[in-house]
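What you see is a predicted model, and the numbers here were worked out from it, not measured in a lab.
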Amino acid sequence: MLKALLEEALRRGGAVVAAAAEDKPEPGFPASLPGVIPVVSTDAQGKAARPAWLSRWTPLAAPGAEIITTVPRAGYDLLSGSYQATAPVSGVVALHLPRRPRRGPR
């Protein structure tokens with residue numbers, strides 16, 4: 001059902017941004033769906049992850065090393081990975097959508 005909803009969002013010109021698996025042979029679901037923008041993280045020096053699947057998918061990259069975030073019962077923690085990098089990429093994509101309302105994010 002989630003796949004159908006994401007495909008409908010893309011069909012209507014929406015943008016779907018998803019954290020990608022950086023240590024797997026594919027970006028994973030939903031990052032591997034056609035039209036979805038996969039995201040990988042960069043380290044503290046700005047070096048982006050280079051997953052094995054780069055020849056088939058083109059990700060965007062954003063800082064994802066030791067990002068402060070909220071966690072249940074603990075308050076705050078530092079986490080790393082593509083999940084932390086996805087939020088800023090989503091924001092940038094959202095800012096660009098009004099410039100291309102009928103064409104979608106690609």
Using distance only, find each side-chain donor-acceptor pair of residues 17-32 under 3.5 Å and give its atom names and separation, not counting sequence neighbours.
residue : atom : partner : partner atom : Å
Glu22   : OE1  : Ser41   : OG           : 3.4
Glu22   : OE2  : Ser41   : N            : 2.6
Glu22   : OE2  : Ser41   : OG           : 2.9
Ser32   : OG   : Gly28   : O            : 3.1

Problem - Pairs involving residues 76-89, ordered by first then second residue, that meet side-chain hydrogen bond (donor to acceptor under 3.5 Å, both in side chains) (sequence neighbours left out) - result: none
Handout entry: side chain to side chain donor-acceptor pair (under 3.5 Å) against Arg11, all qualifying residues, sequence neighbours excluded
Key = Glu8
Fill in the blank from the handout: When rounded to the nearest 0.5 Å, the distance separating CG of Leu5 from CD of Glu7 is 9.5 Å
Completion exercise
So salt bridge (Lys or Arg N to Asp or Glu O under 4.0 Å) across residues 33-52, not counting sequence neighbours, yields none
Exercise for the section: Linking directly or through intermediates, with side-chain heavy atoms under 4.5 Å: list the remaining ILVMFWY members grouped with Leu54, chain and number order. Expected result: Val40, Trp53, Trp57
Exercise for the section: Decide yes or no on side-chain contact (heavy atoms from CB on, under 4.5 Å) for Val16 and Leu33, but give the supporting numbers first. Expected result: CA-CA 10 Å; Val16 178; Leu33 292 176; over 6 Å; no
Please list every donor-acceptor pair under 3.5 Å in which a side-chain atom of residues 64-71 meets a protein atom from a residue at least two apart or in another chain.
none

Problem - Contact check, side chains of Ile37 and Val93, non-hydrogen atoms, under 4.5 Å - result: yes
